[in-house]
Amino acid sequence: MDKVEKPKQNAAFITSRETLDGAYPGLVLGINASRLGMETHVFYTFMGINVIRKGWAEKAKFYPPGLMAAIPGMSAAATWMMKSKIKKANVPCIGDLQEMAQCEGVKFIACKMTIDMMGLTKDDFIEGVSIQTAEEFLKFAKDCKICLFT
């Protein structure tokens, strides 16, 4: 009896924020979707484009919600606290997660419109990043089993 193979399912995630809490979800969900056998793309747009720029991973910040963010020095303190919690929980840093994601087959897609708007070039990004228009990304995302804005 021949086994009928199911078509591969796809997952798409959109990252639009460059903060720690903006960068982690797309990476963690992307890695796990790929491990479940899904073809996975993470689309980086607007300020989220910085997540895949060279040298950015080490500079990621955390901004506390509400009025706390307006207090001078609070984002530095909140970033230090959040990075300490990440380390204590043995959660990989963003750079390590990016490497893990790419090893798992997750594709990083940079938004062409955002690149043009910000005056960036392909050389500004970490290795392995593809550039696509929104339309090109949507051709993939429209058939995804999972499509989330993180």
Side-chain angles (χ1 to χ4, degrees), residues 1-66 68-70 75 78-79 81-83 85-87 89-150:
M1 183 181 199
D2 289 333
K3 205 176 184 184
V4 177
E5 198 168 314
K6 287 192 233 174
K8 188 168 186 172
Q9 295 177 334
N10 300 332
F13 303 99
I14 301 168
T15 298
S16 65
R17 295 181 301 130
E18 66 181 341
T19 58
L20 285 172
D21 55 321
Y24 270 92
L27 290 167
V28 171
L29 291 168
I31 290 167
N32 283 280
S34 187
R35 287 179 179 171
L36 289 172
M38 303 177 92
E39 181 177 341
T40 306
H41 294 190
V42 182
F43 187 75
Y44 293 90
T45 189
F46 287 93
M47 298 316 294
I49 202 97
N50 290 324
V51 174
I52 52 174
R53 287 180 68 183
K54 291 176 183 171
W56 177 87
E58 301 80 33
K59 299 175 191 171
K61 296 193 180 333
F62 176 75
Y63 298 97
M68 294 292 286
S75 67
T79 298
M81 182 187 74
M82 188 61 70
K83 285 185 176 183
K85 288 180 180 245
I86 288 167
K87 187 175 182 176
N90 292 317
V91 174
C93 67
I94 290 171
D96 289 346
L97 280 177
Q98 288 174 326
E99 187 176 334
M100 288 169 59
Q102 289 181 318
C103 287
E104 296 280 348
V106 175
K107 293 181 177 62
F108 295 159
I109 312 297
C111 173
K112 172 101 169 73
M113 181 191 74
T114 302
I115 289 171
D116 293 346
M117 183 177 72
M118 296 176 95
L120 301 171
T121 68
K122 180 121 173 100
D123 292 336
D124 292 313
F125 298 100
I126 61 174
E127 193 172 321
V129 171
S130 298
I131 298 170
Q132 290 183 357
T133 64
E135 180 182 4
E136 290 169 318
F137 173 72
L138 287 171
K139 285 177 182 177
F140 172 80
K142 72 180 178 64
D143 296 322
C144 287
K145 182 83 170 173
I146 299 170
C147 191
L148 299 173
F149 192 89
T150 63

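Computation of the quantities below employed the complete heavy-atom set of this structure, encompassing side-chain atoms and omitting hydrogens, waters and symmetry-equivalent molecules. Just so it is clear, the structure is predicted and the values come from calculations on it, not from any experiment. Residue numbers run from 1 in the order of the sequence given.
- Atoms CE and CZ, from M100 and R35 in turn, are 4.5 Å apart once rounded to the nearest 0.5 Å.
- In this structure, the side chains of I49 and M118 come closer than 4.5 Å at one or more pairs of heavy atoms.
- In this structure, D124 contributes its side chain and T121 its backbone to a donor-acceptor pair below 3.5 Å.
- Side-chain atoms of D96 never come within 3.5 Å of backbone atoms of P92 as a donor-acceptor pair (strictly under, hydrogens ignored).
- In this structure, CD on E39 lies 8.0 Å from SG on C144, to the nearest 0.5 angstrom.
- Between the CD1 atom of I115 and the CD atom of Q132 there is a distance of 10.5 Å, given to the nearest 0.5 Å.
- Here the shortest heavy-atom pairing between F140 and A11 reads CE2-O, 3.5 Å.
- Looking at heavy atoms from C-beta onward, F13 lies out of side-chain contact with L27 at the 4.5 angstrom threshold.
- Under a 3.5 Å cut-off, the side chain of K83 and the backbone N or O of A60 do form a donor-acceptor pair.
- Using a 4.5 Å cut-off on side-chain heavy atoms (C-beta onward), L148 and L29 make contact.
- Formation of a donor-acceptor pair under 3.5 Å by the K122 side chain with backbone atoms of V129 is found in this model.
- F62 places none of its side-chain heavy atoms less than 4.5 Å from the side chain of T19.
- Looking at Q98 and I52, their side chains come closer than 4.5 Å, going by heavy atoms from C-beta outward.
- Side-chain rings of Y44 and F108 approach one another, their centers coming within less than 6.0 Å.
- You'll find the side chain of Y63 reaches within 4.5 Å of the side chain of K61, heavy atoms only.
- Counted within 6.0 Å of CE on M117, heavy atoms from surrounding residues, nucleotides or ligands total more than 12; the atom is thus considered enclosed.
- By the 4.5 Å heavy-atom criterion applied to side chains, M47 and R17 are not counted as neighbours.
- The number of heavy atoms from other shown groups lying within 6.0 Å of NZ (K112) does not exceed 12.
- With a 4.5 Å cut-off on side-chain heavy atoms, T45 and I14 count as touching.
- For K59, the NZ atom sits in a loose shell: 12 or fewer heavy atoms of surrounding residues, nucleotides or ligands are nearer than 6.0 Å.
- Without hydrogens or angle criteria, T114 side chain to F46 main chain gives a donor-acceptor distance under 3.5 Å.
- For the atom pair CZ of F137 and NZ of K142, the computed distance is 13.0 Å after rounding to the nearest 0.5 Å.
- Counting heavy-atom neighbours within 6.0 Å of E99 CD, excluding the residue itself, gives a total of 12 or less.
- Minimum heavy-atom separation, I94 to A57: CG2-CB, 4.0 Å.
- T40 contributes a side-chain N or O that, together with a main-chain N or O of M38, makes up a donor-acceptor pair within less than 3.5 Å.
- Of the possible donor and acceptor atoms, none in the side chain of S34 sits under 3.5 Å from a partner among the backbone N and O of G30.
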